[in-house]
Amino acid sequence: MQQLSPDGLKRWLADGGRATPFLLDVREPWEYAHCHIDGARSMPMGTLSSRLDAVPKDQDIVVICHHGARSQQVAILLERSGFGRVHNLQGGVHAWSLQVDPSMPRY
């Protein structure tokens with residue numbers, strides 16, 4: 001697993017020459033409804049183990065949560081489940097809102 005800074009993800013998403021990663025938001029539905037990164041897919045951490053078939057193995061995956069702890073745990077789970085290109089968003093959506101998108105609501 002690789003750690004990815006919010007600015008690094010911003011640059012990646014803006015890079016038209018690079019394949020867009022699968023943005024996996026593992027927060028609870030109410031958290032996702034409050035704020036999320038555009039294009040992120042909501043799959044709460046507690047449901048993920050039964051939904052691994054919905055996560056692409058042939059694509060880079062960026063795991064997202066509130067501060068980066070849950071996403072780190074999920075990234076480890078994904079790697080143990082055979083996913084090879086897994087990235088953890090450092091600081092989660094909170095860091096994203098501070099460093100990339102100040103208009104994003106915080107909680």
Side-chain angles (χ1 to χ4, degrees):
M1 160 198 6
Q2 297 180 19
Q3 298 296 324
L4 182 63
S5 71
D7 189 57
L9 178 57
K10 176 186 174 185
R11 287 192 313 271
W12 187 351
L13 295 174
D15 185 347
R18 191 170 179 192
T20 302
F22 184 81
L23 303 177
L24 177 61
D25 192 318
V26 298
R27 296 173 301 143
E28 294 300 312
W30 71 267
E31 292 176 288
Y32 181 86
H34 184 71
C35 66
H36 60 271
I37 298 172
D38 287 341
R41 182 152 175 207
S42 176
M43 296 177 105
M45 183 178 181
T47 68
L48 190 62
S49 60
S50 65
R51 299 175 65 193
L52 285 178
D53 58 335
V55 180
K57 284 197 171 185
D58 62 344
Q59 193 173 350
D60 283 283
I61 302 163
V62 176
V63 189
I64 303 163
C65 71
H66 188 200
H67 285 111
R70 283 179 281 177
S71 56
Q72 174 102 7
Q73 291 177 330
V74 169
I76 291 168
L77 168 75
L78 291 173
E79 284 188 327
R80 288 181 180 162
S81 299
F83 292 83
R85 296 168 14 209
V86 181
H87 311 263
N88 179 47
L89 181 62
Q90 294 174 314
V93 294
H94 184 76
W96 178 269
S97 71
L98 293 173
Q99 299 172 24
V100 175
D101 183 4
S103 69
M104 176 183 274
R106 292 184 205 121
Y107 62 102

Do you know which two heavy atoms are closest between [X] and [Y], and how far apart they sit?
{"X": "Arg106", "Y": "Ser97", "result": "NE-OG, 2.9 Å"}
{"X": "Leu9", "Y": "Pro21", "result": "CD1-CG, 4.3 Å"}
{"X": "Ser81", "Y": "Lys57", "result": "O-NZ, 3.2 Å"}
{"X": "Asn88", "Y": "Gln3", "result": "ND2-OE1, 3.0 Å"}
{"X": "Met43", "Y": "Leu24", "result": "SD-CD1, 3.3 Å"}
{"X": "Gly68", "Y": "Ser71", "result": "O-OG, 3.2 Å"}

**Message:** Quick one, Met1 and Val63 - any side-chain contact, counting heavy atoms below 4.5 Å?
**Reply:** no
**Message:** Any non-hydrogen side-chain atom of Leu78 less than 4.5 Å from a side-chain atom of Leu52?
**Reply:** yes
Report yes or no: do [X] and [Y] belong to one cluster of Ile/Leu/Val/Met/Phe/Trp/Tyr joined by side chain heavy-atom distances under 4.5 Å?
{"X": "Phe83", "Y": "Val62", "answer": "no"}
{"X": "Leu48", "Y": "Val86", "answer": "yes"}
{"X": "Leu89", "Y": "Met45", "answer": "no"}
{"X": "Met104", "Y": "Ile64", "answer": "yes"}
{"X": "Leu23", "Y": "Ile61", "answer": "no"}

Sidechain-backbone polar pair: [X] side chain, [Y] backbone, donor-acceptor under 3.5 Å:
{"X": "Trp96", "Y": "Gly91", "result": "no"}
{"X": "Gln59", "Y": "Thr20", "result": "yes"}
{"X": "Tyr32", "Y": "Pro44", "result": "no"}

Quick one: pull up [atom1] in [X] and [atom2] in [Y] and give me the separation to the nearest 0.5 Å.
{"X": "Gln73", "Y": "Cys65", "atom1": "CD", "atom2": "SG", "value": "8.5 Å"}
{"X": "Arg41", "Y": "His36", "atom1": "CZ", "atom2": "NE2", "value": "13.5 Å"}
{"X": "Gln72", "Y": "His67", "atom1": "CD", "atom2": "NE2", "value": "15.0 Å"}
{"X": "His94", "Y": "Gln99", "atom1": "NE2", "atom2": "CD", "value": "9.5 Å"}

**Neighbour count above 12 (heavy atom, 6.0 Å) for Arg51 CZ** = yes
**Item:** Heavy atoms of other groups near Asp38 CG, more than 12 under 6.0 Å
**Value:** no
**Aromatic ring pairing Tyr107/His66, orientation class (parallel under 30°, perpendicular over 60°, tilted between)** = parallel
**Prompt:** So, Arg11 and Asp7, do they make that salt bridge, N to O below 4.0 Å?
**Reply:** yes
